[in-house]
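Here's the structure we're looking at; comments come further down.
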Amino acid sequence: ALGVQAQALHHLNYLLAEPIKVAALYQSGVLVQVPRPERFAIHKLIVAARRRGDDHLKSSKDRAQAAFLIEALAEDRPDDLREAYADAKSFGPRWRERLNESLKRMPESAEKLGAL
C-alpha cells in the first residue's frame, strides 16, 4: 500500500550491539541512539563482501566508508576498533572470510587493522 520495499540488513545484531547516544541537530536537539562507529566500519566490510552482481558500486562505496572510518578510528580510538574487529572475527569462519575478502581489496585498511 505504501509502495516501498523492505530489504533485510544482514548482521544487524552485530551492528546494533552497544549503541551510543548522540545529539541530532533538530531545533533544540534530540538525543538518538546510533551504532558505534567502529562496529559500523567493520559491518561495512562484511556487507561489501556480501554484495554480488550489479551491486559492485555499492560494494565500492561500503569499502570506501569503512576505509575512512578505519583510518580515523585507528588513530583516535584504536582499542575500540580492535575490540570490534576481534568480536566480528569471533562469529566464525564465514564472518572472517567476508572480512578478509573485503580487506584483500583494501591493503591500507588491512595493515591498520593488523597493527592494532
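Residue numbers run from 1 in the order of the sequence given.
For L31, the CG atom sits in a packed shell: over 12 heavy atoms of surrounding residues, nucleotides or ligands are nearer than 6.0 Å. The 12-atom threshold is not exceeded at CD of E83, counting heavy atoms of other residues, nucleotides or ligands nearer than 6.0 Å. For Q33, the CD atom counts as densely surrounded, since its 6.0 Å shell holds more than 12 non-hydrogen atoms of other residues, nucleotides or ligands. Within 6.0 Å of CD on E71 lie no more than 12 heavy atoms contributed by other residues, nucleotides or ligands.
For the pair I46 and H43, the minimum side-chain heavy-atom distance is 4.5 Å or more.
Cluster annotation: V22 and V30 are assigned to the same hydrophobic cluster (Ile/Leu/Val/Met/Phe/Trp/Tyr, side-chain heavy-atom contacts under 4.5 Å, transitive). Under the 4.5 Å side-chain heavy-atom criterion for ILVMFWY residues, a single connected hydrophobic cluster contains both V34 and Y26. Transitive grouping of hydrophobic side chains (ILVMFWY, heavy atoms separated by less than 4.5 Å) keeps I20 and F40 in distinct clusters.
When all heavy atoms of E101 and A49 are compared, the pair lying nearest together is OE2-O, 3.5 Å. The minimum heavy-atom distance between R51 and S59, with the atom names listed, is CD-N, 3.5 Å. Across every non-hydrogen atom of L69 and P37, the tightest pair is CD1-O, 4.0 Å.
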Discussion item. For a side-chain contact (heavy atoms from CB on, under 4.5 Å) check, start with the C-alpha distance between K21 and V32, then their side-chain angles and the critical distance, and finish with the verdict.
Written reply: CA-CA 5 Å; K21 293 182 180 184; V32 297; over 6 Å; no
Item to complete: Just do the side-chain contact (heavy atoms from CB on, under 4.5 Å) check on K89 and L99 with the steps written out, would you?
Response: CA-CA 8 Å; K89 290 192 308 184; L99 288 166; 3.7 Å; yes
Discussion item. Working note: D62 + L45, criterion side-chain contact (heavy atoms from CB on, under 4.5 Å); need CA distance, chi angles, decisive distance, verdict.
Written reply: CA-CA 7 Å; D62 289 334; L45 293 175; over 6 Å; no
Worksheet item: Is there a salt bridge (Lys or Arg N to Asp or Glu O under 4.0 Å) between R50 and E97 once you walk through the steps?
Response: CA-CA 10 Å; R50 287 186 53 87; E97 181 182 305; over 6 Å; no
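Between R77 and E38, at least one side-chain N (NZ, or NE/NH1/NH2) sits under 4.0 Å from a carboxylate O, which counts as a salt bridge. Salt-bridge formation is detected for the pair D87/R39: a Lys NZ or Arg NE/NH1/NH2 atom is positioned less than 4.0 Å from an Asp or Glu carboxylate oxygen.
A distance of 10.0 Å separates CZ of R36 from CG of L73, quoted to the nearest 0.5 Å. One finds the CD1 atom of I70 at 6.0 Å from the CG atom of L81 (value rounded to the nearest 0.5 Å).
With hydrogens and angles left out, the side-chain atoms of S102 and R98 include no donor and acceptor closer than 3.5 Å.
With sequence neighbours left out, the salt bridge (charged side-chain N to carboxylate O under 4.0 Å, His left out) criterion links E108 to no other residue.
Judged as a ring pair (Phe, Tyr, Trp, His ring centres under 6.0 Å), the pairs with a partner in residues 75-114 (not counting sequence neighbours) are, in order, H11-W95, Y14-W95, F91-W95.
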